Amino acid sequence: MYLLCSLTRQRGILLAFRLGTSALVAVLLGGCVASPDPNSLSFDPLEERNRKSHSVNKSFDRAAFGPMARAYGEGLPPPVRRGVTNLQQNWSQPSYVLHYSLQGKPELAGRSLMRFGVNTLFGFGGLLDVGAELGMENRETNFDETFKVYGVPEGAYVEVPLGGPGTQRDWTGWVLDSLTDPVLLVTTTAGGYALVGIAGLDILNDRYELDTVLDELYNNSADSYTAQRITYLQNMRARLNDGTGVEALEDIYVDY
Amino acid sequence: MWTTDTPLMKRRTFVAGMLAGAAVLLLPRFAAASPVSEAQELVVTISGELGRLVNSGKSGNALYRDFERLLGSYADMPAIGASVLGQPWRGASAAQKSAFISAFQSYLATKYGRQFGDFAGTSITVTGGRDAGRAGVLVNTVATRPGRDSVSVDWQVSDRSGKPKAVNLIIEGVSMLANERAEVGAMLDAQGGSIDGLVAELKRRS
């Protein structure tokens, strides 16, 4: 499910700068501008600044991120990478329980809690995903979704240097998520480093799994900045709405 | 109690069996008549063809050109092309329109064909379908890939051309039409708005 969603998780490369750069904070606090049309793919008041970030991100991807991801993906067998992903997902569940509760979705909160219990106890601390085999599939959530549930608009599209695509709402949520993760709040320092390390490796895995898609997007697009914005926005909205609805379809025979 | 009930139960079971049998005989005919199931049948057919193509062992140009033929048979390329080009379509001559559709079809086949390596061994399962009125039918499928995350693929199918054809593909929420509209728009801008320049650029990318 997370093929394209992972585009957004590339931002995690910023884990080293957990509180974000001052530029990011300036953008986030610089007034939330709401798009006149919530389904718009072209609303982009920060385009000039975003395009600069995009060229930084493309160079970074070509020089470091992409090669590191391929080294990780080609160097480690799939079951090992799967284990890292499972650990990352498992230790994210307590945060999901919190968010699903805030969103008023008790059944999803319960599923995340059960999943966390089962995988921690019977899956070697989450190395194996026993829960998925019992019908408890992983479903990600975060402050972006919680904000959406409370009616907060996406705000402008923001591409962050070394962080990747997002919106004002999404990036604000990401900073808050880093600060409020229940596991990171209660764990030891060593445990915290281990979890951040696992999250970092899983980001490399996401980048590796997306290699063909990103290669096409970065290197073969007529306008890779716009292609990434459109891809990110559609994917994020479909993820938050649990799929594409019929109302999103256009009548392609109009006027021709 | 049981002895008196049994014949009645048997009769009921018999009647129920008859009705079920009749339903089984009738269902496929009803099903074939609905646009949703027709669209789903088309998606199953296309998925089968795509599966054969992805696992054919072909690569590069041979693969892309086979895919290009599939697009021609199962997708309404003139309507897709017109919708992607938008406003400039109306000002184009008949010759430009047909040159654009043909170049756009090759370009799409090459661009998406390059991703096929990621889908070796994939099986596509239809998980739903809904009538979207004038927009056609939305068919939901999941592409399950060995050892990797599954991918949600939605197909927009329309019979406005006279028979059911695919008119859009939505992968993990990302609409091919929306993306190609932006891409083709950017190429057209780079060619100073010239359709002939755009056609040459699409051919260069095929």
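We name chains A, B, ... by the order of the sequence lines, and we start the count at 1 in each one. What you see is a predicted model; the values in this text were computed from it and never measured.
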Quiz item: Is chain B contacted by the side chain of Leu249(A), its backbone, both, or neither, given a heavy-atom distance below 4.5 Å?
Solution: both
Quiz item: Where on Asp76(B) is there a heavy atom nearer than 4.5 Å to chain A: the side chain, the backbone, both, or neither?
Solution: side chain
Quiz item: Among residues 123-130 of chain A, which residues come closer than 4.5 Å to chain B, judged by heavy atom distances?
Solution: none
Quiz item: So does Glu247(A) pair up with Arg130(B), basic N to acidic O under 4.0 Å?
Solution: no
Residues 91-105 of chain B side chain polar contacts: donor-acceptor under 3.5 Å, at least two apart:
{"from": "Ser93(B)", "atom 1": "OG", "to": "Gln96(B)", "atom 2": "N", "distance (Å)": "3.1"}
{"from": "Gln96(B)", "atom 1": "OE1", "to": "Ser93(B)", "atom 2": "N", "distance (Å)": "3.0"}
{"from": "Gln96(B)", "atom 1": "NE2", "to": "Asp196(B)", "atom 2": "OD1", "distance (Å)": "3.2"}
{"from": "Gln105(B)", "atom 1": "NE2", "to": "Glu68(B)", "atom 2": "O", "distance (Å)": "2.9"}

Self-check item: Asp211(A) and Arg207(A) ion-paired at < 4.0 Å
Solution: yes
Quiz item: Any salt bridge between Asp66(B) and Arg69(B), counting N to O under 4.0 Å?
Solution: yes
Quiz item: Heavy-atom distance under 4.5 Å between the side chains of Leu177(B) and Glu250(A), does that happen here?
Solution: yes
Self-check item: Max heavy-atom pair count under 4.5 Å with chain A, selected residue of Asp189(B), Val137(B), Val167(B), Asn168(B)
Solution: Val167(B)
Quiz prompt | chain B contact via Ser221(A) - side chain, backbone, both or neither, heavy atoms under 4.5 Å | solution = both
Quiz item: Run the ring-ring contact (aromatic ring centres under 6.0 Å, His included) check on Tyr112(B) and Tyr64(B) step by step: do they pass?
Solution: CA-CA 8 Å; Tyr112(B) 288 85; Tyr64(B) 308 152; over 10 Å; no
Quiz item: Just wondering, do Thr122(B) and Val54(B) contact through their side chains at under 4.5 Å, heavy atoms?
Solution: no
Quiz item: With chain A, which of Gln115(B), Arg134(B), Lys111(B) has the greatest number of heavy-atom pairs at distances under 4.5 Å?
Solution: Gln115(B)
Quiz item: Can Asp159(B) and Lys165(B) be said to form a salt bridge (charged side-chain N to carboxylate O under 4.0 Å, His left out), step by step?
Solution: CA-CA 6 Å; Asp159(B) 57 11; Lys165(B) 292 214 166 181; over 6 Å; no
Quiz item: Between Ser175(B), Gly185(B), Ala186(B), which shows the greatest number of heavy-atom pairs under 4.5 Å with chain A?
Solution: Ser175(B)
Quiz item: Between Ala178(B) and chain A, which part of the residue has a heavy atom less than 4.5 Å away: side chain, backbone, both or neither?
Solution: both
Exercise. Taking only Lys NZ, Arg NE, NH1 and NH2, and the carboxylate oxygens of Asp or Glu, determine whether Arg237(A) and Glu154(A) approach each other closer than 4.0 Å.
Key: yes
Quiz item: Contact part of Arg81(A) toward chain B, heavy-atom cut-off under 4.5 Å: side chain, backbone, both or neither?
Solution: neither
Quiz item: How far apart are the closest heavy atoms of Thr110(B) and Arg205(B), and which atoms are they?
Solution: CG2-O, 3.8 Å
Quiz prompt | Top contributor to chain A contacts, counting heavy-atom pairs under 4.5 Å, from Ser158(B), Pro78(B), Gly117(B), Gly133(B) | solution = Ser158(B)
